[in-house]
Amino acid sequence: MARRLRPIGHDDRLSVVDHLDELRSRLIVCTIALVVAFGFAFWQNAHLINLLNRAVPFHSATTAQQRAQVNQRGYVLAGVKALGGLVNSKDLSLSDRAAVRAFVKDFRKFAAALPTKVEKEKPITIGVAEPFTTTMAIAAYFALLICLPLLIYQVYAFVLPAFKPEERRTAFPLMLMAPALFITGVVFAYFLVLPPAVKFLQGFNSGNFDSLLQAKPYYEFEILTMLGIGLTFQLPLFLLALDRVGVLSARTLTRQWRYCIVIIAVIAAALPGADPVTTLLEMVPLLLLYALSIVLLTMADRRSAARAALDLTGSTPDPT
């Protein structure tokens, strides 16, 4: 049975067994969180599928037919309104008014059978078991998506005791920043990347293809895009870690900005959706995060230089 997680200080001396026991405890916490999140996602799978269907475009033959039927309904209702004025007209005989009344009744039934609005197309499934397996996959992906901030926090919390007290004061806000950056990346992908990306991909050369939106690849594309962009939003923390171990500095990022932009473009192209629209939309936040990283690394380098100067001054003997 894993023991309860407790704060571990930098000066605590733990054996290999203690480290493994702490790792096991954190893994159990992560597993429980994933199971609970999976149960919640499977319970609310209809709402989650509706969220993912938000990016489905309105350009299929089915939606075009629905749009025509909605317009036709408007014309029929306008005709019903015009005929309704003749029902009580004294210029018509009783038999004519009865015939007009019958026409109005039939037209109202016809209008009621027509759609009132254009519905988005739904992704298709192929095979008997695919609706179930796709729903299970969506629940699993959303469980990972929901729990990933907690998983990132657990990773940072596991390595945080290795830092010195003065380093921990800097690392702790960054540990809290990691889940926030991930959530920001997921929200950015959902609202700003996926709608134009799906619209471009589904509408590209649509005159030569009968595009059918298959459920499993579509949902995988959306969730993996959100996961990928959420993880790439950890870029400032990754660069700060490299700065901490002396691999690079703010000056290096500033001087080698051309190479950094090429690397960012490669990262954006490696994310799901290698089309130009998705790649450009994914590059924009990465470039902003690159600029933010330069600011953060500059502040960190100045603090390190000030701390080193203070240590040097404190170790210098007083000449008096």
Side-chain angles (χ1 to χ4, degrees), residues 34 37-67 118-149 151 182-234 265-286:
L34 285 170
F38 176 82
F40 172 79
F42 187 77
W43 172 47
Q44 296 292 328
N45 67 83
H47 297 290
L48 297 179
I49 291 174
N50 289 333
L51 286 176
L52 294 177
N53 288 342
R54 175 180 175 270
V56 176
F58 287 93
H59 62 71
S60 68
T62 303
T63 54
Q65 182 181 4
Q66 286 184 353
R67 188 175 291 108
V118 180
E119 298 287 345
K120 285 188 176 182
E121 63 177 316
K122 296 179 181 179
I124 65 170
T125 56
I126 301 174
V128 176
E130 189 169 347
F132 174 76
T133 57
T134 301
T135 302
M136 293 289 288
I138 290 173
Y141 279 128
F142 264 101
L144 180 60
L145 196 65
I146 294 169
C147 291
L148 204 52
L151 303 184
F182 176 79
I183 294 172
T184 303
V186 170
V187 172
F188 175 84
Y190 179 77
F191 286 103
L192 298 179
V193 175
L194 289 177
V198 174
K199 182 178 180 180
F200 172 80
L201 292 172
Q202 278 293 107
F204 183 77
N205 208 8
S206 58
N208 296 322
F209 298 99
D210 185 10
S211 299
L212 297 178
L213 197 61
Q214 192 172 349
K216 188 175 181 180
Y218 168 68
Y219 295 139
E220 286 181 351
F221 168 76
E222 285 197 312
I223 297 178
L224 291 178
T225 298
M226 289 189 286
L227 282 172
I229 295 179
L231 291 175
T232 56
F233 267 55
Q234 307 296 311
V266 172
I267 294 174
L271 291 172
D275 60 280
V277 173
T278 308
T279 302
L280 288 175
L281 290 172
E282 291 168 344
M283 276 190 65
V284 171
L286 290 178

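Values reported hereafter were calculated over all heavy atoms of this structure, with side chains retained and with hydrogens, waters and symmetry mates removed. All of these numbers come straight from a predicted model, not from anything done at the bench.
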Between [atom1] on residue [X] and [atom2] on residue [Y], distance to nearest 0.5 Å:
X: L151; Y: L34; atom1: CG; atom2: CG; value: 5.5 Å
X: N50; Y: N45; atom1: CG; atom2: CG; value: 9.5 Å
X: Y190; Y: I223; atom1: OH; atom2: CD1; value: 11.0 Å
X: L145; Y: I183; atom1: CG; atom2: CD1; value: 9.5 Å
X: L51; Y: R54; atom1: CG; atom2: CZ; value: 9.0 Å
X: L52; Y: E220; atom1: CG; atom2: CD; value: 11.5 Å

So, do [X] and [Y] sit near enough that their side-chain heavy atoms are less than 4.5 Å apart?
X: K216; Y: T133; result: no
X: L231; Y: L148; result: yes
X: I229; Y: L271; result: yes
X: F38; Y: I146; result: no
X: T135; Y: I138; result: no

More than 12 foreign heavy atoms under 6.0 Å from CZ of F200: is that the case here?
-> yes
For A41, which residues count as a side chain to side chain contact (heavy atoms under 4.5 Å, CB included) partner, sequence neighbours excluded?
-> L48, A139, F142
Please report the shortest heavy-atom distance between P196 and V277, naming the atom on each side.
-> O-CG1, 4.2 Å
For A55 and V198, the nearest pair of non-hydrogen atoms, with its separation, is O-CG1, 3.4 Å
Is a side-chain N or O of Q44 found less than 3.5 angstrom from the main chain of F40, in a donor-acceptor match?
-> no
Quick one: do E222 and Y218 satisfy side-chain hydrogen bond (donor to acceptor under 3.5 Å, both in side chains)? Show the steps, please.
-> CA-CA 6 Å; E222 285 197 312; Y218 168 68; 3.0 Å; yes
Take F188 and L281 through the test side chain to side chain contact (heavy atoms under 4.5 Å, CB included) and record every step on the way to the result.
-> CA-CA 10 Å; F188 175 84; L281 290 172; 5.5 Å; no
